[in-house]
Amino acid sequence: MIISKLEHPDFIYYDLHSEEVYSNYINQTNEGIYADRLHSITLERIKDQLSLDDNTKNLIFDFKNISDTQPNLHSYFGDLKNNRFKILFLNITKDLIKQLEFNSIRNEKNIEDNIQVFDTYTRIPKEEEGYKCFYLFENESEVFFNDDFNIFDEIFNKKFKEELKKCREDYTEPHSSSFVYLSSYFNIRKLVSHNKGFAFYSIYKLAIRIIYESRQSAWKTFLSNCNIEEFNKPTLVCQSLTSSYIVSILANMLNFDVLILDKIGPINKIYNTLNKNIIEDKDYIIVSDLVCLGTEIKIAKNIIQFLGGNYLGNVSLIKTETLDSKDIFKENATLAVFSIDNANNKELEFYISTNLEPKPIEESTTT
Amino acid sequence: MNDIIIHISDLHISDQSGKLGNAFKTTYLTLDDEKNYNYIKEFTSALEKIKCNNKYLIITGDITNIAEKNEFEKAVNILKIIIDDLSLSKENILLIPGDHDVHRDSIKELLRDNPDSTSIEVNKIKFNNFNLLYKEIKGVDFDANKIIFDKLVIDELVFLGVNSNMKIDHHGGVGYLDTKSIENELKSIREEGKEYVLCLHHNLEGEFEDKGQWDEVNKKNLKRIFEGNNIKLILNGNEHTPNSKLLAGSVINLSDSGVFASKNEPTASFKYYEIVKNENELLLKNNIKQIRIINGKSESNFGSWITINLDEIKTEIKEFIFKTKTNLPVLPIQEELPELEVDDELPELGVNDEDNNPVDEIKIYENKDFQQKIYSIIKDKSLFQQGHFHWSESSRAHNWINVSRMLEDNKDLQMINDTIIDLIEQFDLDRDTNLMIGLGYEGNMIASKASMKYNFPYTYFPYSYRSKDHLDFENKLDFDNSEGQYKNVIIVTDVVNGANTIKKFILERETTFFKNVEKIILISLFYTGDKVLNYKILNGETFKNIEFYSVKHLKVEKCPYKDYNYRDECIILKDKLNCVHKFYNEKLVSK
């Protein structure tokens, strides 16, 4: 199975780091997203899949987060070239180009630049010499990619939206945990059931964001320049059936421990007499499949804090932006891979309403 | 003070001349009486320092090296010193023969004289020299043709002397017990209220080799017999390394005391088990002593017997538990316990159906590495809980395995996921599968890695007792099977007892989907029911098409009272003697 394949009329895109993480996962090498060495087993999978589908001859391999390769991987790309595939590498260091023995290729579009790479364990970003785009051919007229093109926004997000539409379930009852009406629910289990590869890729994206956020944002820093094993790692908290699936995979990717909060109510009776499973001053991240109004997150947060744990934040595959992002306090913001917002909720046929009269349009535009 | 059982093995008392056979060069015990005396005196003085009530001695074989008369003569001298120093009576000793106590030249001579000798005659003659020792110490002849030939009774604990050398001949061989004979002998011996420990020479599992020194086919059949006869502990020797472990795929403990008089590696060792017994529990506390040469001026020529801290070594189980507060009935004494109540709403699954489960067809998951790790998590984190647990009004137990806590440590979670994959691959279960379903939070989490590894689709489903906590669409499978495209389905869950949850899922909640399913493969982390684990035990009147595989069998005690009176009769619940916990919302269900 290939997890990161994104199709565009002009090319097919593969995210090699995510594919390497997937290879490690199914082959029980539990390195998670800290794996940064590309192996032949990953390229074998891609090659096998490509032989079945060769409609598009333009291939993009994204090397972001890959800092090393197994020796002798040159032949995989060489074979693809011989099969008339046009290949573009994204975000690749000069060292890797040399390692893969493609440093003799001359193409004016292969422009040397500083690219962002990440420390294997701490994910601290640093600059290194490399190429944002490196074509494995010399004919400039065959260049098929504009380096301003945002793959995440232009392809991943659109694909996610299409997958989400398939998950929509009509719902006519009042919302079960908040006093609002919802036009529909999104059954994220359907995404796992019918496109588990894409679900895994989305969880991978979330894992990368969690680590990135830990570096960049107001989240308490839990990573430092020492060995990952010694970090005070946060615990991932699941509180629904779908989030238990996400957490199980995220735990592998991040090497974080897990807490099943769903049963905190009843199980607490036992743990109070034996031992509590929420540890005082330990950091907790609540994981969801979809955050709508955040009611469940608040309940979970209160339980964690009541028992002495430190609520670090919440993450989700999907969040609903009922407020403008500038109106949300950073600490309450959900870190997500996909947002349902005013730009797409109509297309997704997802509406939230109350029994109150809506604010007149002319007034809302003046505020 | 408690009683202790001293366990020694593999003395290999050896004639160092090598005239009659190979000498065991690295043993302290030879034909030299003086050296033997000093070594044994060090041993008995170490034991005299242990504060205890009565002492018992079990020797699990290979007392000599080549079973010559001169070696057994020295063995008599050695044992007499031990008996005198420790004030042991002959009834308090079990002497088990090992393969090195089989005199191979005697077999050859018998066969030279009479090539048609029966196995009974061969068995008798091969232990003639061993019998010199046995008769001198025990006062009776050794019955070489009986599998269970002696017993040592300490209140409700019965240690059975078992001869695993029936297939050892002049060429050698491995451990073996005739299954029909051992089953019959165990049945004839068993008494209500007794706990039986088997004492034999050969190791059923190996610390250094996967299979142990035992006939592989025989071992699998024996596991079933041992489990069926509630055997919880086997004392053995033969490996020359002290260790304790579980017999793969079971909860039967194995304990080897190591080599008794080795000069080199592995270091000489013995064990003693302290019998801990009170109103609520019965267990053997495991202790190891090893010879360590520290070179102190006050030390003997052999070194010192040092107590090994079991916390520091991972190859030992600290306690062999026969009864705990959990499985001792905390119930008013009755002449006869009431019948166990099954879920009224559905017919009970069939019992072992002869047609479906022929005795010779055994498919049980085995990977002692994973199984031991999983058992260790439960033990180390105390996740085998006791109290009164309800999954519905009719589904109640006095124990519960806290699987959600098991999954908290990422390394454990990944290891358990890897175990599920290992199980699938061991039986090639992925080959024709069309869909896999994770049941409940825990089932969903332990199946997550397998869900990504295999090409067939995956989905998950809430437990029936939690269905009211979920929205309607969450309580329906996302797959339509009206065309019968999902013929083979794997269901992964954390615990299976009577399989009522599975029945409800298949027969009530997803009847339409499962109507067109031809084969269901049920995989669980734990089986907590009463039956002897095998892959067709859930088949019967209700189902004909379930294959069941479980990583571990850990039996839990059900609440033995009937649905209509358990609230008044079960004192754990009534008087809240321990944790009382419901896994479902009573109010929601009664709605």
Side-chain angles (χ1 to χ4, degrees), chain A residues 1 3 22 25-28 30 32 167 169-171 173 176 185 187 189-197 199-200 203 233 235-236 238-263 265-275 277, chain B residues 381-383 385 387 389 400 402-405 407-418 421-422 435 437-438 440-455 457-463 466 469-474 476-479 578-585:
Chain A
M1 186 167 68
I3 60 156
Y22 173 69
Y25 184 65
I26 59 170
N27 291 303
Q28 295 155 39
N30 297 317
C167 301
E169 306 269 358
D170 287 332
Y171 192 76
E173 303 293 318
S176 54
Y185 268 99
N187 179 5
R189 187 180 62 188
K190 275 189 176 172
L191 177 67
V192 176
S193 298
H194 299 298
N195 200 344
K196 61 184 181 181
F200 187 90
I203 296 168
K233 291 177 290 186
T235 296
L236 300 169
C238 63
Q239 34 80 39
S240 73
L241 194 52
T242 298
S243 86
S244 71
Y245 185 77
I246 298 169
V247 159
S248 186
I249 294 171
L250 263 186
N252 177 285
M253 289 179 176
L254 295 166
N255 191 19
F256 288 0
D257 292 338
V258 163
L259 173 73
I260 302 175
L261 192 57
D262 166 65
K263 294 173 179 172
I267 275 182
N268 202 29
K269 286 179 195 169
I270 297 159
Y271 288 172
N272 276 344
T273 55
L274 298 176
N275 57 342
N277 59 343
Chain B
K381 292 188 175 175
S382 303
L383 301 180
Q385 317 240 341
F389 303 96
W400 168 56
N402 190 342
V403 178
S404 63
R405 282 291 313 272
L407 307 179
E408 286 183 354
D409 186 309
N410 178 44
K411 285 192 176 67
D412 296 337
L413 173 62
Q414 302 311 323
M415 183 271 294
I416 292 168
N417 267 282
D418 293 344
I421 289 173
D422 188 59
L435 176 68
I437 304 167
Y441 278 58
E442 290 83 359
N444 191 19
M445 291 177 82
I446 65 178
S448 58
K449 196 177 276 190
S451 80
M452 292 308 304
K453 187 176 177 82
Y454 302 109
N455 282 329
Y458 172 77
T459 193
Y460 40 89
F461 207 76
Y463 292 126
R466 301 295 301 274
D469 297 343
H470 293 82
L471 294 166
D472 285 348
F473 65 79
E474 292 175 302
K476 286 177 195 149
L477 279 175
D478 299 321
F479 292 88
N578 209 319
C579 161
V580 174
H581 173 62
K582 291 186 178 67
F583 288 92
Y584 66 106
N585 190 325

For this session: Among B:Phe473, B:Phe461, B:Tyr458, single out the residue with the greatest number of heavy-atom pairs under 4.5 Å to chain A.
Result: B:Phe473
For this session: Report the option among B:Lys449, B:Glu474, B:Met415 that has the most heavy-atom pairs separated by less than 4.5 Å from atoms of chain A.
Result: B:Lys449
Quick one: of [options], who has the most non-hydrogen atom pairs under 4.5 Å with chain B?
options                                : answer
A:Val192, A:Ile246, A:Thr235, A:Val247 : A:Val192
A:Ala199, A:Ser193, A:Ala251, A:Ser243 : A:Ser193
A:Ile26, A:Asp257, A:Asn252, A:Leu241  : A:Leu241

What part of [X] lies closer than 4.5 angstrom to a heavy atom of chain A: side chain, backbone, both or neither?
X        : answer
B:Asn417 : side chain
B:Tyr454 : backbone
B:Leu435 : neither

Exercise. Are side-chain N/O atoms of B:Gln414 and B:Asp418 paired as donor and acceptor at under 3.5 Å?
Worked result: no
For this session: Please check if any side-chain donor atom of B:Tyr460 sits under 3.5 Å from a side-chain acceptor atom of A:Ser244, or the reverse.
Result: no
Side-chain heavy-atom pair [X], [Y] within 4.5 angstrom cut-off:
X        : Y        : value
A:Arg189 : B:Asn444 : no
B:Asn410 : A:Lys233 : no
B:Glu442 : B:Met445 : no
A:His194 : B:Thr459 : no
B:Ile416 : B:Val403 : no

For this session: Could you look at A:Thr242 and say if it's the side chain, the backbone, both or neither that has a heavy atom under 4.5 Å from chain B?
Result: both
